[in-house]
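Below is one structure, written out as structure tokens, with a few remarks after it.
What you see below is based on every heavy atom in this structure, not just the backbone, and it leaves out hydrogens, waters and symmetry mates.
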Amino acid sequence: MDSTGTESTTGTGTEKDKAAISLTKATPAPAPTPAPTPSEVPDIQSHGTFVITKTLSPTAGEYVVSVARPDGSEGEPVAYAREKRLSLRGQVTVYTDASRKSVLSSFKGRDHEVGYMYDVRDASGQAFGSFHEDAGASVLRRTWQVRQPGTMNLTGRERSRVVAFVRLVWEFVPYLEYVPFIWPYRFKYTENGKPLMTVTKKLGLHTRYVLEILAPDIDRRLAIAHTLALDALEVD
């Protein structure tokens, strides 16, 4: 209280200001949430054999890519993909986990002098490979060209002429094109006659492929993307 009998608020205000400053210093602002990395690529390059399974829902096909165990069974999942049905084909994104937050690779078709060319890109959108169907050679047996610039130029051809013919007829029979082709078939990929990769569709009501890579330099992301395309672009 001052000499006039009025209570002074100067000291109280100063103390309040100091308390507010002290409280502000004691409660720092929350740290910003780190941005998610574009891709946390699993260690797939060291593996040579993968199992790809597909399940169907009314709106989409779900793919799971797993490392194959020595007995051929499914081991650790390393990639996931989802193909929407009744939508424009030729565009599939492959993810590193089931949450589909981290991209492993993607492919999308574009017009080209050979028909449709499918560019395979990494998580940043950089192309690192491509594939296209060789229309001229596919009359009797489906044939694909898989390109990995600076490393590999693979020619993949369906091994059995009989199965290739039956598959071709199957696609043109009314309503059968909506029924999965359950009979097994196999694609063999070579460069200058040397076998470097195979894709085998297993017998059964459920869609299941085995991808075997014989060359260490083949990018597993490219091989997996192409195997998914064999199903997404040909079988359904």
Side-chain angles (χ1 to χ4, degrees), residues 34-54 60-67 76-135 138 142-156 187 189 191 196-199 207 209 211-236:
T37 57
S39 178
E40 297 176 1
V41 180
D43 179 23
I44 60 175
Q45 196 62 31
S46 62
H47 298 286
T49 307
F50 301 88
V51 178
I52 295 95
T53 58
K54 178 184 180 183
E62 303 278 352
Y63 297 93
V64 178
V65 182
S66 304
V67 174
E76 176 190 6
V78 293
Y80 299 79
R82 190 171 189 265
E83 177 212 4
K84 291 184 178 180
R85 310 187 74 186
L86 304 178
S87 64
L88 181 64
R89 292 183 177 184
Q91 182 174 359
V92 174
T93 302
V94 187
Y95 299 90
T96 62
D97 54 52
S99 68
R100 300 201 296 272
K101 293 181 179 179
S102 184
V103 174
L104 179 69
S105 64
S106 63
F107 65 85
K108 182 179 181 179
R110 60 179 170 86
D111 289 326
H112 194 265
E113 60 184 8
V114 298
Y116 266 102
M117 176 72 73
Y118 296 88
D119 298 307
V120 184
R121 302 179 183 276
D122 61 19
S124 65
Q126 183 68 34
F128 62 89
S130 64
F131 54 84
H132 69 272
E133 185 173 4
D134 189 334
S138 292
R142 289 284 172 80
T143 303
W144 289 82
Q145 302 294 334
V146 182
R147 299 289 182 259
Q148 185 176 321
T151 308
M152 300 285 176
N153 293 323
L154 303 178
T155 298
F187 280 82
Y189 296 79
E191 184 180 48
L196 298 179
M197 189 174 86
T198 61
V199 175
T207 304
Y209 297 86
L211 166 63
E212 186 176 8
I213 304 170
L214 307 176
D217 293 338
I218 295 179
D219 194 313
R220 274 50 176 166
R221 298 171 300 172
L222 174 60
I224 289 171
H226 175 64
T227 304
L228 295 177
L230 287 179
D231 185 89
L233 302 177
E234 291 193 28
V235 179
D236 285 352

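- Minimum heavy-atom separation, M152 to A215: CE-CB, 3.9 Å.
- The shortest heavy-atom contact between Q145 and T143 is NE2-CG2, 4.3 Å.
- Among all heavy-atom pairs drawn from D219 and Q45, the shortest one is CA-OE1, 3.9 Å.
- In this structure, the side chains of H47 and R220 stay at 4.5 Å or more apart for every pair of heavy atoms.
- For the pair V92 and Y63, the minimum side-chain heavy-atom distance is 4.5 Å or more.
- The cationic group of R221 lies under 6.0 Å from the six-membered ring centre of F128 and within 45° of the ring axis, placing it in a cation-pi geometry.
- Closest approach of I44 and F50 over heavy atoms only: O-CZ, 3.6 Å.
- Note: F131 and Y118 have parallel aromatic rings, judged against thresholds of 30 and 60 degrees for the angle between ring planes.
- Residues forming a side chain to side chain donor-acceptor pair (under 3.5 Å) with S130 (at least two apart in sequence, or on another chain): none.
- Annotation: side chain of M197 is in contact with side chain of L211 (closest heavy-atom distance under 4.5 Å).
- Using a 4.5 Å cut-off on side-chain heavy atoms (C-beta onward), T155 and E191 make no contact.
- Here the shortest heavy-atom pairing between S105 and A225 reads OG-CB, 4.4 Å.
- For the atom pair CD (E133) and CG (L230), the distance works out to 9.5 Å, reported to the nearest 0.5 Å.
- Two residues are said to be in side-chain contact when any heavy atoms from C-beta on lie closer than 4.5 Å; L104 and Y95 fail this criterion.
- Looking at E83, its side chain never comes within 3.5 Å of a backbone N or O of D231 through a donor-acceptor pair.
- Of the inter-residue distances, the one linking N153 atom CG with Y189 atom OH reads 14.5 Å to the nearest 0.5 angstrom.
- The salt bridge (Lys or Arg N to Asp or Glu O under 4.0 Å) test with D119 singles out one residue from R110, R147, K108, and that residue is R110.
- Rounded to the nearest 0.5 angstrom, T49 OG1 and L214 CG are separated by 8.0 Å.
- Residues I218 and L196 share a closest heavy-atom pair of CD1-O, 3.8 Å.
- In this structure, T53 and E62 have side chains that are not in contact, with every pair of non-hydrogen atoms separated by 4.5 Å or more.
- Residues Y116 and L233 are not in side-chain contact: their nearest non-hydrogen atoms beyond the backbone lie 4.5 Å or more apart.
- Atom CG of residue L154 and atom CD1 of residue I213 lie 10.0 Å apart, to the nearest 0.5 angstrom.
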